[in-house]
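Let me begin by presenting the structure, written as structure tokens, before commenting on it.
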Amino acid sequence: MSQQTPVARVEPVWRTWLERWPTPADLAAESPGEVVRAWGRLGYPRRALRLRDAAVAVVERHAGEVPADEESLRALPGVGAYTAAAVAAFAFGRRSVVVDTNVRRVLARAVEGRALPSPALTAAESRLAATLVPEDPERAALWNVAVMELGALVCRARGPECDRCPLLDRCAWVAAGSPPDDGPARRGQAWHGTDRQVRGALVQALREQADPVPRPELERTVTSRLGIVGAPAVEQVDRCLASLVEDGLVEPVEDAFRLPA
DNA sequence: AAACCGGGGAA
DNA sequence: TTCCCAGGTTT
């Protein structure tokens, strides 16, 4: 849930979720549609499907117990390098190299002397982090969470509080006079009128409706909620419904659509 | 390497 | 408005 979503927004959903499905087997036995519905407005609803798929895989491959080693974790749906490393370290105390957006920023500043890391994780960054993480598993887990929290709470993307940073005296960025970001302007993702927004509106409409929703009603929803009208709306709704079906987030039922049973 | 995938809250 | 968030998958 925390992939690209702030923890503060995740927490309430996470609590309700674990109350409803305490174990992987519980989640694996649930329908995809109910899982997407419970995901609510966390965004990236494909994560909900992958989380359920991961629960199925945990039941099938690991007797219902979440594996502790990074390689097995990495093989689960929706689990990439970051999540595998984080679970191995924080849930199981294994030594791993956790490189999230916070760690990247701390290392970019403290070590490389840059205001912000590059847009995408590079191999050089991963190698750098690997050389810094302590060898001892317990200390490694502590290092990982410490650097992550430092980035989240002190060494923030905007408005870092260098005054209360324990690395102040050793920070290459501060030593260089805290220069501004020298990279190209970060392009914000377009949003209004995009397929992303339309897909979101469609899934939201289907979350709120237990019964299948006819296509004309979905088009009216997109028009009223997003202000998209006319032939472009029809075309875009068609395209988005097709992609949602392709993703397994939506199920066609005769001339209507619903979350997958 | 680049594109695609949501949504909300703070600045 | 813009920015940014405990990233992953596909091409």
Side-chain angles (χ1 to χ4, degrees), chain A residues 1-14 36-37 39-54 57 70 73-91 96-108 115-126 129 141 143-153 155-161 180-181 183-207 222 225-226 236 239-240 242-250:
Chain A
M1 289 177 176
S2 300
Q3 292 166 352
Q4 292 285 281
T5 305
V7 174
R9 199 149 68 81
V10 162
E11 205 222 46
V13 179
W14 172 74
V36 170
R37 190 165 277 120
W39 193 259
R41 310 193 60 153
L42 287 180
Y44 295 120
R46 292 187 297 189
R47 294 182 298 170
L49 295 181
R50 292 188 182 125
L51 184 53
R52 179 180 171 280
D53 290 340
E70 251 181 289
L73 287 164
R74 180 69 180 77
L76 298 174
V79 177
Y82 162 73
T83 302
V87 171
F90 305 143
S96 66
V97 182
V98 180
V99 185
D100 78 327
T101 186
N102 294 302
V103 173
R104 294 189 62 216
R105 185 173 53 255
V106 171
L107 297 189
L116 293 174
S118 60
L121 176 66
T122 65
E125 283 180 88
S126 298
W143 189 95
N144 281 320
V145 72
V147 177
M148 192 178 304
E149 291 297 290
L150 184 65
L153 302 176
C155 193
R156 296 184 296 247
R158 286 181 294 187
E161 290 193 66
D181 183 28
R186 291 152 109 57
R187 304 293 312 162
Q189 298 164 332
W191 177 242
H192 288 285
T194 61
D195 283 5
R196 249 169 137 159
Q197 189 187 25
V198 171
R199 282 170 53 107
L202 290 171
V203 172
Q204 182 183 347
L206 295 179
R207 269 199 314 261
V222 167
R225 306 233 270 235
L226 306 183
Q236 192 172 24
R239 182 172 66 247
C240 289
S243 71
L244 288 168
V245 170
E246 180 70 20
D247 288 345
L249 282 164
V250 170

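Below, read A as the first sequence line, B as the second, and so on, with proteins coming before strands; counting in each chain starts at 1. Side chains are part of it too, since the values below use all heavy atoms of this structure and drop only hydrogens, waters and symmetry mates.
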Looking only at non-hydrogen atoms, find the nearest pair between Thr83(A) and Gln3(A) and report the distance.
OG1-NE2, 2.9 Å
Of the candidates dG7(B), dC5(B), dG7(C), the side chain of Tyr82(A) sits closest to dG7(C)
Nearest-neighbour nucleotide for the Arg74(A) side chain, dC4(C), dA6(C), dT9(C) considered:
dT9(C)
Under 4.0 angstrom between Thr101(A) side-chain N/O and dC5(C) OP1 or OP2
yes
From the list Met1(A), Arg50(A), Gln4(A), side-chain contact (heavy atoms from CB on, under 4.5 Å) with Tyr44(A) holds only for Gln4(A)
If you assign Arg158(A) and Gln4(A) each to the DNA chain C nucleotide with the nearest heavy atom, which residue ends up on the more 5' nucleotide?
Arg158(A)
State whether Arg199(A) places a side-chain N or O below 4.0 Å from either non-bridging phosphate oxygen (OP1 or OP2) of dG7(B).
no
From the set dG8(C), dC4(C), dG7(B), return the single nucleotide nearest to any side-chain atom of Arg207(A).
dG7(B)
For the side chain of Arg46(A) and the backbone of Asp247(A), is there at least one donor-acceptor N/O pair under 3.5 Å apart?
no
Name the residue closer to the 5' end of DNA chain C, choosing between Gly78(A) and Arg9(A) according to the nucleotide with the nearest heavy atom.
Arg9(A)
OP1 or OP2 of dG8(C) under 4.0 Å from side-chain N/O of Thr83(A)
yes
With a cut-off of less than 4.0 Å, is there a side-chain N or O of Gln3(A) near OP1 or OP2 of dG8(C)?
yes
Counting only N and O atoms by type, is there a donor-acceptor contact under 3.5 Å from the side chain of Arg47(A) to the main-chain atoms of Leu42(A)?
yes
In whole angstrom, give me the gap between the C1' atoms of dG7(B) and dC3(C).
14 Å
Confirm from the modelled atom types if Arg41(A) and dG7(B) form a donor-acceptor pair under 3.5 Å, side chain to base only.
no
Would you say Arg47(A) reaches dG7(B)'s phosphate, i.e. side-chain N/O to OP1/OP2 under 4.0 Å?
no
Identify whether any heavy atom of Leu121(A) sits under 4.0 Å from a base atom; if not, whether one sits that close to sugar-phosphate; answer base, sugar-phosphate or nothing.
nothing
Taking Val198(A)'s backbone N and O only, do any of them form a donor-acceptor pair with Arg225(A)'s side chain (distance below 3.5 Å, no angle check)?
no
Over all strands shown, is Ala81(A) touching base, sugar-phosphate only, or nothing at heavy-atom distances under 4.0 angstrom?
sugar-phosphate
